[in-house]
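Some notes on the structure that comes next.
Counting begins at 1 with the first residue of the sequence. These numbers come from a predicted model, not from an experiment.
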Amino acid sequence: MTDSPSMPTPAVDRLMGEVDRSAARLAATLSGLTEAECRAPSALAPWTRGQVLAHIAGSADAYVWLLRLARTGSAPGPRQDAAALAETAERTAALPVDALADRTRRALDLVVAEAREMPAARWDVLVAALAGWRHPAWYTLLRCLRELEHHHVDLGLGYGTADWPASYVSWALDETLTTLQVQGHPVARVEAVDLGRHWAPSPEGPSIAGPGHLLLGWLSGRTPATGLVSDRATETLPPLPRWPQPPTPGWGRTDDVLGLA
């Protein structure tokens with residue numbers, strides 16, 4: 001387990017801005033969404049678009065809960081377990097499209113509003129994801145950004161991986177490829193040609209190159225490997241683990257963070 005690294009206040013402020021802008025892009029996509037479009041299948045089978053939106057809203061609620069916990073040092077009410085979250089998401093997904101879109105927007109607005117209330121000294125407080133792994137409060141904003149960017153693509157409403165901001169792609173590639181390296185995943189080299197960056201997760205395996213957004217789309221299961229170049233074109237690329245995974249190396253697991261399981 002490593003200590004929680006501090007994030008400078010300007011960096012946290014920039015991250016809040018990225019979350020805010022990402023939420024605004026999603027809101028623009030939802031503008032004019034019809035009932036039929038909402039009930040249609042998303043790109044994230046077997047969910048409909050409405051179920052994707054309900055998941056985004058529920059995740060935003062969870063992030064607000066964690067931010068309030070970090071800010072105050074006490075639980076802001078009972079924490080829903082996985083079963084309760086699933087039941088809530090099912091009810092939310094059944095809302096009429098305008099109510100569902102509004103519910104999603106308000107939940108995301110509350111994440112940003114709560115983040116702006118956080119004293120600088122409280123951003124390093126460790127909180128726990130529902131799965132039991134822990135992270136500093138500032139990492140909640142990165143989780144929210146990842147949720148927004150990937151599920152926006154999952155809606156299949158014109159927002160694609162090429163629309164991901166380069167700063168987000170660079171961070172998410174760092175995060176994902178560090179995890180693959182720790183796990184010993186057999187990919188020798190990954191090069192994001194448009195970002196001028198490369199990673200060497202393993203001493204063995206293929207070398208893969210392409211635009212950063214296509215690399216991240218493939219690594220996260222959103223897009224096929226089409227558009228990527230491998231030095232072993234005749235071989236099947238190694239299967240990828242489920243994405244995303246807890247940050248590795250991270251801040252460890254716990255059964256008691258701020259007195260909560």
Which pair of non-hydrogen atoms, one from [X] and one from [Y], has the smallest distance, and what is that distance?
X: Leu108; Y: Leu26; result: CD1-CD2, 3.8 Å
X: Pro201; Y: Leu177; result: CG-CD2, 4.0 Å
X: Ala209; Y: Leu215; result: C-CD2, 4.4 Å
X: Trp218; Y: Leu240; result: O-CD1, 3.3 Å
X: Ala57; Y: Arg103; result: CB-NH1, 3.7 Å
X: Ala75; Y: Trp65; result: CB-CZ2, 3.9 Å

Got a second to check how far [X]'s [atom1] is from [Y]'s [atom2], nearest 0.5 Å?
X: Ser220; Y: Arg242; atom1: OG; atom2: CZ; value: 13.5 Å
X: Leu195; Y: Leu216; atom1: CG; atom2: CG; value: 10.0 Å
X: Asp20; Y: Leu145; atom1: CG; atom2: CG; value: 11.5 Å
X: Ile56; Y: Asp61; atom1: CD1; atom2: CG; value: 12.0 Å
X: Leu66; Y: Leu130; atom1: CG; atom2: CG; value: 9.0 Å

Which residues share a salt bridge (charged side-chain N to carboxylate O under 4.0 Å, His left out) with [X], sequence neighbours left out:
X: Arg143; value: none
X: Arg21; value: none
X: Arg222; value: Asp154

Residue pair Ser22 / Glu149, side-chain donor-acceptor N/O under 3.5 Å: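 A donor-acceptor contact under 3.5 Å links the two side chains.
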Flag for Gln245-Thr179: side-chain donor and acceptor within less than 3.5 Å: no
Do [X] and [Y] make a side-chain contact, defined as non-hydrogen atoms from C-beta onward lying under 4.5 Å apart?
X: Pro206; Y: Asp231; answer: yes
X: Trp171; Y: Ser167; answer: no
X: Leu53; Y: Leu33; answer: yes
X: Met7; Y: Pro136; answer: no
X: Glu18; Y: Leu148; answer: no
X: Val193; Y: Val229; answer: no
X: His135; Y: Leu126; answer: no

Verdict with reasoning, Leu67 to Trp123, per side-chain contact (heavy atoms from CB on, under 4.5 Å): CA-CA 9 Å; Leu67 290 171; Trp123 279 116; 3.7 Å; yes
Residue list, side-chain contact (heavy atoms from CB on, under 4.5 Å) with Ala188, at least two apart or on another chain: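 With sequence neighbours excluded, Ala188 shows a side-chain contact (heavy atoms from CB on, under 4.5 Å) to Ser207, given in chain and number order.
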Pairing residues for Pro10 by the side-chain contact (heavy atoms from CB on, under 4.5 Å) criterion, not counting sequence neighbours: Pro8, Arg14
Pairing residues for [X] by the ring-ring contact (aromatic ring centres under 6.0 Å, His included) criterion, not counting sequence neighbours:
X: His213; result: none
X: His185; result: none
X: Trp199; result: none

For a quick test of your reading: what N or O donor-acceptor pairs under 3.5 Å do the side chains of residues 112-119 make, sequence neighbours left out?
from: Glu114; atom 1: OE1; to: Arg68; atom 2: NE; distance (Å): 3.0
from: Glu114; atom 1: OE2; to: Arg71; atom 2: NE; distance (Å): 2.7
from: Glu114; atom 1: OE2; to: Arg71; atom 2: NH2; distance (Å): 3.0

Between His150 and Trp164, ring centroids under 6.0 Å: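 They qualify: ring centres under 6.0 Å apart.
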Give a yes or no answer on whether the side chain of [X] reaches the backbone of [Y] with a donor-acceptor pair at less than 3.5 Å.
X: Asp194; Y: Gly212; result: yes
X: Thr178; Y: Glu175; result: no
X: Arg49; Y: Ala40; result: no
X: Arg122; Y: Ala70; result: yes

Residues Arg105, Leu30; criterion side-chain contact (heavy atoms from CB on, under 4.5 Å); working and verdict: CA-CA 9 Å; Arg105 285 190 292 263; Leu30 298 184; 4.1 Å; yes
Which pairs of donor and acceptor atoms, one on a side chain in residues 91-102, lie under 3.5 Å apart (sequence neighbours left out)?
from: Arg91; atom 1: NH2; to: Thr88; atom 2: OG1; distance (Å): 3.4
from: Thr92; atom 1: OG1; to: Thr88; atom 2: O; distance (Å): 2.9
from: Asp102; atom 1: OD2; to: Arg106; atom 2: NE; distance (Å): 2.8

Selection residues 34-44 - residue pairs positive for salt bridge (Lys or Arg N to Asp or Glu O under 4.0 Å), sequence neighbours left out: Glu35-Arg39
Ring geometry between His151 and Trp47 (parallel below 30°, tilted from 30 to 60°, perpendicular above 60°): tilted
Pairs touching residues 75-107 that satisfy ring-ring contact (aromatic ring centres under 6.0 Å, His included), sequence neighbours left out: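 Pairs touching residues 75-107 that pass the test: none.
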Stepwise side-chain contact (heavy atoms from CB on, under 4.5 Å) check, Val190 with Leu180: CA-CA 11 Å; Val190 175; Leu180 292 183; over 6 Å; no
Path from Leu44 to Leu85 over hydrophobic side-chain contacts below 4.5 Å: no
